[in-house]
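Residue numbers start from 1 in every chain, and the chains themselves are labelled A, B, ... in the order their sequence lines are given, proteins ahead of strands.
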There are 2 protein chains.
Amino acid sequence: MNIGEVAQRSGVPAKTIRYYESIGLIQPAERTAGGYRIYNGRDLKTLQFIQRSRNLGFSVKQVGELLALWQDRGRNSADVKAVARVHLSEIDKRMGELKEMRATLEDLFHRCHGDERPDCPILNDLAGEEREVDRAAE
Amino acid sequence: MNIGEVAQRSGVPAKTIRYYESIGLIQPAERTAGGYRIYNGRDLKTLQFIQRSRNLGFSVKQVGELLALWQDRGRNSADVKAVARVHLSEIDKRMGELKEMRATLEDLFHRCHGDERPDCPILNDLAGEEREVDRAAE
DNA sequence: AATTGGGCTTCCAGTCACTGGAAGGTCAAG
DNA sequence: CTTGACCTTCCAGTGACTGGAAGCCCAATT
C-alpha cells in the first residue's frame, strides 16, 4: 500500500506517518522506483498499535518504549506495566489539577451575574481581591 | 522594581515576563538609561492577575481577553462569564477524555501480571487483539 | 579607580506532536 | 499524452514557554 491507504486504514494521517519516520519512531519505509513509500500488513499493525497507544494518551516517547517491548519476545511484562504506571500517575496528576481548576472556576462562574453590569466576581478574584463574604467574616 | 523583583513578587518568571511583552500580552515596560526594564505597583498587579488566570488554566489568549475586560470600566460581566464558560467546557472536555483513558488504562494495568513473563494484556490490547474473556463470550 | 559578582540585555534554539502549505515529481486511467 | 489524484521534500507555524550564550549595567568592596 501507499502512504494514503495505510494512513486511512490505521487512522494515522500520512503527514504524521512521515513525521514518525523522521523522528525514528518507525523504520524508514521501503520505496518504489519512483520514490513512493510502500507499506505492508506488518507496518499497518505497527501504525495501529501506535494509534491506539496515542489514543490512551501515551507520549510518543512512551509509545517508542511500548513498541520496543512489543517487538521483544523476551520482554518482562513488569517493564510494560511500569510504563503504564508512570502514565497512569501522570493522568492522575493532570486530573487533579483540572479538578481543582474546575472547582474554583465553577464557583466563580455561578457567582457572576453575567449581565450588562461591570461588576464581576471572576475578575475580582483574578485581581486578587477578597470576597465579600470573606471580608464580612473578618 | 527591576524585572527580577517583579518576577519574584508576581510568581511569573522574568523570562516569561519578557515573553509576554514580546507577544503583546503586556505593554512594553519603561526602561532605565541603561536599558533595564522598570515596573511599578500597577504592573505587578497586572502580572499577578495574569498568573492567577494562568493557574486557573486560561490560555494566554483568554488571559488577554480577561485583561482587556478587567481594564474596561464599561464592560459587561456577561462577557467575562462567556470567557469562563468556554474555558469550563474545555476543562470538562479534557477531563472526560482523561477519565476515559484512565478507565481503560487502569483495567489493563490490573490485568497485567507485571512479572518476568512476556505475556501482557496491555500490549495485547494495544496490538488490537481480542481479550480472552471476550473471545470466550463469542 | 578598579574590580567583582550578580542581575540585566538580546537573540537563537529547543521542547512536544504535529499541521499547513508550496513547489514539484509519479502514476494509472482514459 | 494529458489529466488529476496522490506522492515527494522542505520550510514554517502552533502554544507557552525555557535554556543558554555573549555581552552590558550597576552597586558594593578593595
- Item | Intermediate values then yes/no, side-chain contact (heavy atoms from CB on, under 4.5 Å), B:M101 and A:N55 | CA-CA 8 Å; B:M101 288 177 191; A:N55 284 345; over 6 Å; no
Would you kindly give the [atom1]-to-[atom2] distance between [X] and [N], to the nearest whole Å?
X	N	atom1	atom2	result
B:K15	C:dG14	NZ	P	14 Å
A:Y19	D:dC11	OH	C1'	15 Å
A:R18	D:dT9	CZ	P	7 Å
B:I23	D:dT18	CD1	P	13 Å
A:L25	C:dA17	CG	P	10 Å

- Is A:Q71 atom CD crowded by more than 12 heavy atoms from other residues, nucleotides or ligands, each under 6.0 Å away?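 For A:Q71, atom CD is crowded (more than 12 foreign heavy atoms under 6.0 Å).
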- For atom CD of A:E30, decide whether the heavy atoms of other residues, nucleotides or ligands shown that lie under 6.0 angstrom number more than 12.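 No, CD of A:E30 has 12 or fewer neighbouring heavy atoms, counting only those of other groups under 6.0 Å.
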- Message: Applying the side-chain contact (heavy atoms from CB on, under 4.5 Å) criterion to B:F58, which one of B:V83, B:I50, B:V86 satisfies it?
- Response: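 Answer after filtering B:V83, B:I50, B:V86: B:V83.
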- List in numerical order all residues of residues 38-69 of chain B for which some heavy atom is under 4.0 Å away from an atom belonging to DNA chain D.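 Within residues 38-69 of chain B, the residues near DNA chain D are B:R54, B:S59, B:V60.
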- Query: Among residues 3-14 of chain A, which residues get a heavy atom nearer than 4.0 Å to DNA chain D?
  - Reply: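 The answer is A:I3, A:G4.
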- For B:R18, check salt bridge (charged side-chain N to carboxylate O under 4.0 Å, His left out) against everything at least two apart and list the hits.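 Expected list: none.
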Interface polar pairs with nucleotides 27-29 of chain C, N/O, under 3.5 angstrom:
unit_1 : atom_1 : unit_2 : atom_2 : d
C:dC27 : OP1    : A:G34  : N      : 3.4

- Message: So, OP1 or OP2 of D:dA16: does either fall under 4.0 Å of a side-chain N or O from B:Y20?
- Response: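 Indeed not, no polar side-chain atom of B:Y20 lies that close.
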- B:D107/B:D125 under side-chain contact (heavy atoms from CB on, under 4.5 Å): CA gap, chis, key distance, verdict: CA-CA 11 Å; B:D107 173 53; B:D125 186 274; over 6 Å; no
- Item | Residue A:R37, side-chain heavy atoms: nucleotide from C:dC11, D:dT8, C:dT9 that is nearest |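 The answer is D:dT8, which lies nearest to the side chain.
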- Out of C:dT19, D:dC17, C:dT10, which nucleotide sits closest to the side chain of A:T16?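 Output: C:dT19.
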- Message: Let's go through B:Y36 and B:I3 carefully: what are the C-alpha distance in whole Å and the side-chain angles of both, what is the deciding distance for side-chain contact (heavy atoms from CB on, under 4.5 Å) to 0.1 Å, and is it a yes or a no?
- Response: CA-CA 8 Å; B:Y36 280 26; B:I3 199 168; over 6 Å; no
- Query: Hey, does the side chain of A:H87 reach the backbone of A:L56 with a donor-acceptor pair shorter than 3.5 angstrom?
  - Reply: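 Flag set: sc A:H87 to bb A:L56 pair under 3.5 Å.
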- Can you check whether B:R42's main-chain N or O pairs, donor with acceptor, with B:N40's side chain at less than 3.5 Å?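 Such a contact is found between B:N40 side chain and B:R42 backbone.
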- Message: Please report the end-to-end axis angle for the helix from C:dA1-D:dT30 to C:dG30-D:dC1, five pairs per end, rounded to 10 degrees.
- Response: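 End-to-end axis angle for the helix from C:dA1-D:dT30 to C:dG30-D:dC1: 30°, rounded to 10°.
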- Run the salt-bridge test on A:D115 and A:R117 with the 4.0 Å N-O cut-off and return the result as yes or no.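 A:R117 and A:D115: salt-bridged.
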- Message: Can you tell whether the side chains of B:E97 and B:K93 come within less than 4.0 Å, N to carboxylate O?
- Response: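 A salt bridge is present here (some side-chain N lies under 4.0 Å from a carboxylate O).
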- Message: Could you walk me through whether B:L98 and B:R94 satisfy the side-chain contact (heavy atoms from CB on, under 4.5 Å) test, starting with their C-alpha distance in whole Å, then the side-chain angles of each, then the deciding distance to 0.1 Å, before giving a yes or no?
- Response: CA-CA 6 Å; B:L98 286 177; B:R94 188 70 192 126; 3.8 Å; yes
Output a table of donor-acceptor pairs, distance under 3.5 Å, between side-chain atoms of residues 62-70 of chain A and any protein atom two or more places apart or on a different chain; print 'none' if there are none.
unit_1 : atom_1 : unit_2 : atom_2 : d
A:Q62  : OE1    : A:S59  : N      : 2.9

